[in-house]
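Keep in mind that what you see is a predicted model, and the values were worked out from it rather than measured. All heavy atoms count here, side chains included; hydrogens, waters and symmetry mates do not.
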Amino acid sequence: SRCISRNPWTAFKKWRFNKKQLKINRQLDKLIVASFYMKTCLIQNGFSPDRVKVIPYYTEPVNFDHVNFKNFVLFVGRIHVTKGLQHLLMALKACPDELKLIVIGEGDYKSEIGKLISQNNLDHRIEFLGWLSQQRLHEFYLNCLALVVPSLWPEPFGIVGIEAMSYRKPVIA
């Protein structure tokens, strides 16, 4: 998965650096993480449970008069292979043509996603908006049918899920 260099010397240096970082981190008084999942991962890697504190992410309550449901689902995040956007595209292909996908975010996997969109004739159903301000994002949370989080790896705690729920929108993850 290209998580480490094939060059032995470079791989060794990265491993040594990571080992040193773990040693330094284990000497900290407290580590604050956003989820119990992250706490469990740290404990499995040798951290003392009493030194890891969980303070979950939160979002401010959103005030609005009514909830809209327009005919699109929303993906908000980095466009990377581990975020699973390619699987969302295949699922979209199986949905009625009226359903659209709006992608908010950027990333190094965007060109591959573009090829996949073209190969599957989904160009007319997907709109890429790049990164948006929180104020512009508000409009999309307010109007979407649902937020989709098709992540392929165990997310530590994606804040977009609770943001969408604060708009009373379902989250498909």
Would you check if the side chain of Asn143 reaches a backbone N or O of Lys70 as a donor-acceptor pair within less than 3.5 Å? no
Donor-acceptor check, side chain of Glu106 to backbone of Trp131, threshold 3.5 angstrom: yes or no? no
Assigning hydrophobic clusters by single linkage (Ile, Leu, Val, Met, Phe, Trp, Tyr; side-chain heavy-atom cutoff under 4.5 Å), is [X] placed with [Y]?
X	Y	value
Leu152	Leu116	no
Tyr141	Val62	yes
Met38	Phe36	yes

Quick one: [atom1] on [X] to [atom2] on [Y], what's the gap to the nearest 0.5 Å?
X	Y	atom1	atom2	value
Glu127	Phe140	CD	CZ	6.5 Å
Leu147	Ile102	CG	CD1	12.0 Å
Lys110	His80	NZ	NE2	15.5 Å
Lys39	Tyr37	NZ	OH	15.5 Å
Tyr109	Leu85	OH	CG	8.5 Å
Phe47	Cys41	CZ	SG	11.5 Å

Just wondering, do [Y] and [X] contact through their side chains at under 4.5 Å, heavy atoms?
X	Y	result
Thr59	Ile159	no
Lys83	Phe75	yes
Glu139	Leu142	no
Ile113	Gln86	yes
Ile126	Leu92	yes
Arg51	Leu42	no
Arg125	Leu99	yes
Asp108	Ile79	no

Nearest atoms (heavy-atom pairs only) where [X] meets [Y]:
X	Y	answer
Ser151	Thr82	OG-O, 3.5 Å
Leu122	Lys93	CD2-CA, 4.1 Å
Gly130	Ile104	O-CG2, 3.3 Å
Cys144	Phe69	O-CD2, 3.6 Å
Ile117	Asp123	CG2-N, 3.5 Å
Leu137	Leu132	N-CB, 4.4 Å

What orientation do Phe64 and Tyr167 show, parallel under 30°, tilted 30 to 60°, or perpendicular over 60°? parallel
Evaluation steps, salt bridge (charged side-chain N to carboxylate O under 4.0 Å, His left out), between Glu163 and Lys169: CA-CA 9 Å; Glu163 285 177 345; Lys169 297 299 176 148; over 6 Å; no
With a 6.0 Å cut-off (strictly less than), is the heavy-atom count around NZ of Lys30, excluding the residue itself, greater than 12? yes
